[in-house]
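Data block below; observations after.
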Amino acid sequence: GGEAELFRVAVQAAARRRGIASALMENVLSAAENAEIESVFLEVRASNAAAIALYEKHGFAAVGRRRGYYDAPVEDAAVMRWGK
């Protein structure tokens, strides 16, 4: 087992709200389980409620915060973790 980091989940604006992001998450997390990955981490803008809800739906939980992590505009990142 080990750790992995999820860098980006993106769906073109015109294709959103169709379950594509959830399907991507299910695929990534299934691959992590198959590879015996114990934890997957990610950072998300603290204000990105839609993304946070998606990640929570797939078993991620907030475990920390990175102050001033993002630029333009400067914003904190919520650090989230999935794992067993």
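In this text the structure is predicted, and so the values were computed from the model without any measurement.
- Partners of R65 by side-chain contact (heavy atoms from CB on, under 4.5 Å), not counting sequence neighbours, listed by chain and number: A46, R67, D76.
- Under a 4.5 Å side-chain heavy-atom criterion applied to ILVMFWY residues, the cluster that includes V74 comprises that residue alone.
- Grouping the Ile, Leu, Val, Met, Phe, Trp and Tyr side chains by contacts below 4.5 angstrom, directly or via other members, places V28 with M80.
- Two different hydrophobic clusters hold V40 and V79 under the rule that ILVMFWY side chains link at heavy-atom gaps under 4.5 Å.
- Grouping the Ile, Leu, Val, Met, Phe, Trp and Tyr side chains by contacts below 4.5 angstrom, directly or via other members, places L54 apart from Y70.
- Here the side chain of E75 pairs a donor or acceptor atom with the backbone of S47 at under 3.5 angstrom.
- Residues E3 and E38 form no side-chain contact, since every pair of their non-hydrogen atoms from C-beta on lies 4.5 Å or further apart.
- Summarising the geometry of W82 relative to A32, their closest heavy-atom pair is CZ3-CB, 4.1 Å, with the distance given to 0.1 Å.
- Not counting sequence neighbours, E56 has no partner by the salt bridge (charged side-chain N to carboxylate O under 4.0 Å, His left out) test.
- For R81, there are no salt bridge (charged side-chain N to carboxylate O under 4.0 Å, His left out) partners, not counting sequence neighbours.
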Less than 3.5 Å apart, which donor and acceptor atoms pair up between the side chains of residues 11-24 and the rest of the protein, not counting sequence neighbours?
from	atom 1	to	atom 2	distance (Å)
R16	NE	V11	O	2.9
R16	NH2	V11	O	3.1
R18	NH2	A14	O	3.3
S22	OG	K57	NZ	3.1
S22	OG	H58	NE2	3.2

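- With contacts defined as side-chain heavy-atom distances shorter than 4.5 Å, the pair I52/R45 does not qualify.
- Residues satisfying the salt bridge (charged side-chain N to carboxylate O under 4.0 Å, His left out) criterion with E26, sequence neighbours excluded, are absent altogether.
- Rounded to the nearest 0.5 Å, atoms CG (L42) and CZ (F60) are 4.5 Å apart.
- For A78, the side-chain contact (heavy atoms from CB on, under 4.5 Å) criterion is met by V44, not counting sequence neighbours.
- Side-chain contact between M25 and V9 is present, with at least one heavy-atom pair separated by less than 4.5 Å.
- When hydrophobic side chains of Ile, Leu, Val, Met, Phe, Trp and Tyr are connected at separations under 4.5 Å, F7 ends up as a singleton with no cluster partners.
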